[in-house]
Amino acid sequence: MLFGQSVKLMGRQLMQNTVRNGSHGGVPGENLPFQIQNRYRLTALFILFFGSGIAAPFMIVRHQLLKK
């Protein structure tokens, strides 16, 4: 009973400190590793990212088949 209460209190303090010390200010997209303001650039980056993941297995198989 006492252990559960102390864990709950520690978790609450950790979340309060995290929220209080957060430096992002609650601006959506500020903590992302890419910009989301330009929708066309964002679309191109998403196409490249997912397209490379989808195309990679096919390119690897093609490379293996063409090897001597």
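One-based numbering along the sequence shown. Just so it is clear, the values below take in all heavy atoms, side chains as well, and ignore hydrogens, waters and symmetry mates.
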**Student:** I'd like to know if Y40 and F49 are part of one continuous hydrophobic network [Ile/Leu/Val/Met/Phe/Trp/Tyr, side-chain heavy atoms within less than 4.5 Å].
**Tutor:**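 No, F49 does not connect to Y40 through the hydrophobic network.
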**Student:** Same hydrophobic cluster for I60 and L66, using side-chain heavy-atom links shorter than 4.5 Å among ILVMFWY?
**Tutor:**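 No, I60 and L66 fall in different hydrophobic clusters.
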**Student:** Do I54 and F46 share a hydrophobic cluster (ILVMFWY, side-chain heavy atoms under 4.5 Å, transitive)?
**Tutor:**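 Shared cluster, no.
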**Student:** Could you state whether L45 and I36 fall into the same hydrophobic cluster, counting links through intermediate Ile, Leu, Val, Met, Phe, Trp or Tyr residues with side-chain heavy atoms under 4.5 angstrom apart?
**Tutor:**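 No, separate clusters.
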**Student:** Can you confirm whether more than 12 heavy atoms, excluding those of F34, are under 6.0 Å from its CZ atom?
**Tutor:**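 It does: F34 CZ has more than 12 such atoms within range.
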